[in-house]
Number of protein chains: 2
Amino acid sequence: MSSSAPAKQRVRKSPKARRAEIVGRAATLALTEGLECITMRRVAEDLAVRPGLISHYFPVAEELVAEAFGTAASEELEELIPAERPAGSALDQLARFFARATGARYDDMSRLWLNARHLSRFRPVLAERVAVQEAAWRDRITRLLREGTAEGAFRPADPAVAAIQILVVLDGLGVHANTDRSNRPPAVTNMAVVTAERELGLPEGSLLALVHDAVASGTANGAAASEPLANGAVPPAPTA
Amino acid sequence: MSSSAPAKQRVRKSPKARRAEIVGRAATLALTEGLECITMRRVAEDLAVRPGLISHYFPVAEELVAEAFGTAASEELEELIPAERPAGSALDQLARFFARATGARYDDMSRLWLNARHLSRFRPVLAERVAVQEAAWRDRITRLLREGTAEGAFRPADPAVAAIQILVVLDGLGVHANTDRSNRPPAVTNMAVVTAERELGLPEGSLLALVHDAVASGTANGAAASEPLANGAVPPAPTA
DNA sequence: AACGCTATTGGATGCTCGACCAATAGACAA
DNA sequence: TTGTCTATTGGTCGAGCATCCAATAGCGTT
């Protein structure tokens, strides 16, 4: 052996790359283990660097937490509803949105929202970031609803209100997903989609059918298949 | 001055009384400042005793946290739906339930649920208590729905499912209450009641009117007036 | 090939927390 | 009143945390 000590070798990277690396690790840490696990020591350990380095890029720890959440949330939003919509109608996009947002793959994000909202009580910087992301999610859904209205696909009383209602139900489901999830009745699992159908003036079951299709065809934004919705509940054929 | 030191005098109480005192303080602490503020030192300080005393009654801190949550949650449930229903129909009781559960007075409890659900990730003992309370709340609502069904007041497809749906919407609203709450559209505020009306087969706006009455008459279980629901939205006259 | 900039290290400091324990003093019974 | 039991104290200990800083070594420039 040339040396008995671990002989730590430094790897020097550009500030930009290093910073991105840190935020990236913190973001996945937030999604998998929770925001409170984002600590100087922990992130440093995962990246095989010294804690001092992290605090060099983020002199105040809370800043990193906020950044991590912001990154995770905006990336997920991009998966749910891409900023520039791919081929297909607004209705199809809405179906893809629900396919992902009600699938098992969304559980981590759902939990992260819960986590972030709670932690916001004690961390003002994070709170601001949460408010920003909340607005971003709401606005992007609202926009999609407006587009769908323009396309004649649906007619919400107020797109902005409908967007909030959808988010409220999704959040409610997410909260319960953390404990229940197993043996959950289809009538509960489908609440979000059913709410959307009602508020958008869609025929009962029509959107639900589209969501099922989206799940089946793996089109549910973001590659691999997410879990099917509620298997027992076969939706009635769309009326329109 | 007889002594220069603060001259701390001990107050000796019965274990039962002291324990209750500790749990009580911890419970209100949980409601007002959050479960993570329940620390040996903090509770001791509030009670003007030494930290060692707290850890004497609760050798493991997590136990106190769980106990505090359980107490707060079960007391609130008793306010929402008393175990033995006072005079009045099940429908009236349901209206009183919503009057309180959607009022400003419920905000703390709503936040506590959020807090507890999140913290459950890291604290197994608390997680079990949360599961117990979740079941208790669900079961008591289910029972009330069954009673109302027996009284012919409403006809839910499945009382147990309807109970969960109501809770999901309430939780969703609670989650958003932590950030929004201001300038919230009536169509959002009323979501819980509207959901109940739909799932219970009640005429649109009928329950909402009863809830408004309950708020106005201050009958909203638990003394003082809670904030009115959505002031702008005058519900249509009940059809039945 | 030598230099200078700065990304990175290694260590120190002080904080809050849960947990543990011998000593003490209040209350109740004899 | 005296004595015993135990509720309560007061202090200690180690772990994990953010934050700060002087020294070091990697890399692009010259």
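A quick note: this is a predicted structure, and the numbers were derived from the prediction, not measured. Here is the naming used below: chain letters follow the sequence lines, and residue numbers restart at 1 for every chain.
Interface remark: the Arg10(B) side chain does form a donor-acceptor pair with the dT8(D) base, using a distance-only criterion of under 3.5 Å. Side chain Arg41(A) to base dA18(D): a donor-acceptor pair is found below 3.5 Å.
Between Glu45(B) atom CD and dG10(D) atom C1' there is a gap of 16 Å when expressed in whole angstrom units. Summarising the geometry, the separation between NZ on Lys16(A) and C1' on dA7(C) is reported as 17 Å, rounded to the nearest angstrom. Computed from coordinates, the His56(B) NE2 to dG10(D) P distance equals 16 Å when rounded to whole Å. The CZ-P distance, from Arg19(B) to dT8(D), rounds to 13 Å in whole Å. Rounding to whole angstrom units, CD of residue Glu63(B) and C1' of dA19(C) are separated by 14 Å. With rounding to whole Å, Arg123(B) atom CZ is found 10 Å from dC17(C) atom C1'. Rounded to an integer number of Å, the gap from Ile38(A) CD1 to dA18(D) P is 11 Å. Rounded to whole angstrom, the span from the CG atom of Leu53(A) across to the C1' atom of dG11(C) amounts to 15 Å.
Rounded to the nearest 0.5 Å, atoms CZ (Arg138(A)) and OG1 (Thr142(A)) are 7.0 Å apart. Rounded to the nearest 0.5 angstrom, Arg123(A) CZ and His118(A) NE2 are separated by 10.0 Å.
Closest to the Lys13(A) side chain, of the nucleotides dT8(C), dT9(C), dT19(D), is dT8(C). Checked against dA27(C), dC27(D), dT9(C), the side chain of Arg12(A) finds its nearest nucleotide in dC27(D). The side chain of Ala61(A) lies closest to dT19(D), out of dG18(C), dT19(D), dT9(C). Looking at the side chain of Pro15(B), the nearest of the listed nucleotides dT8(D), dA7(D), dC20(D) is dA7(D).
Contact between the side-chain N/O atoms of Thr39(B) and the OP1/OP2 oxygens of dG18(C) is found at a separation under 4.0 Å. At the phosphate of dG10(C), OP1 or OP2 sits under 4.0 Å from a side-chain N or O atom of Arg50(A).
Taking the six-membered ring for Trp and thresholds of 30 and 60 degrees, Trp113(A) and Phe69(A) have ring planes more than 60 degrees apart, a perpendicular arrangement.
Residue Tyr57(A) is the one, among Tyr57(A) and Met40(B), whose nearest nucleotide of DNA chain C lies closer to the 5' end (criterion: closest heavy atom). Mapped onto DNA chain C by nearest heavy atom, Ser55(B) and Val11(A) fall at different nucleotides, with Val11(A) at the one closer to the 5' end.
Backbone-only engagement by Pro59(B) is indicated by non-hydrogen atom pairs under 4.0 Å involving sugar-phosphate atoms exclusively.
Cation-pi check for Arg19(B) over Phe58(B) is met; the charged atom lies under 6.0 angstrom from the ring centroid and within 45 degrees of its normal.
Within the 3.5 Å criterion, the main-chain N or O of Ile81(B) finds a donor-acceptor partner in the side chain of Arg140(B).
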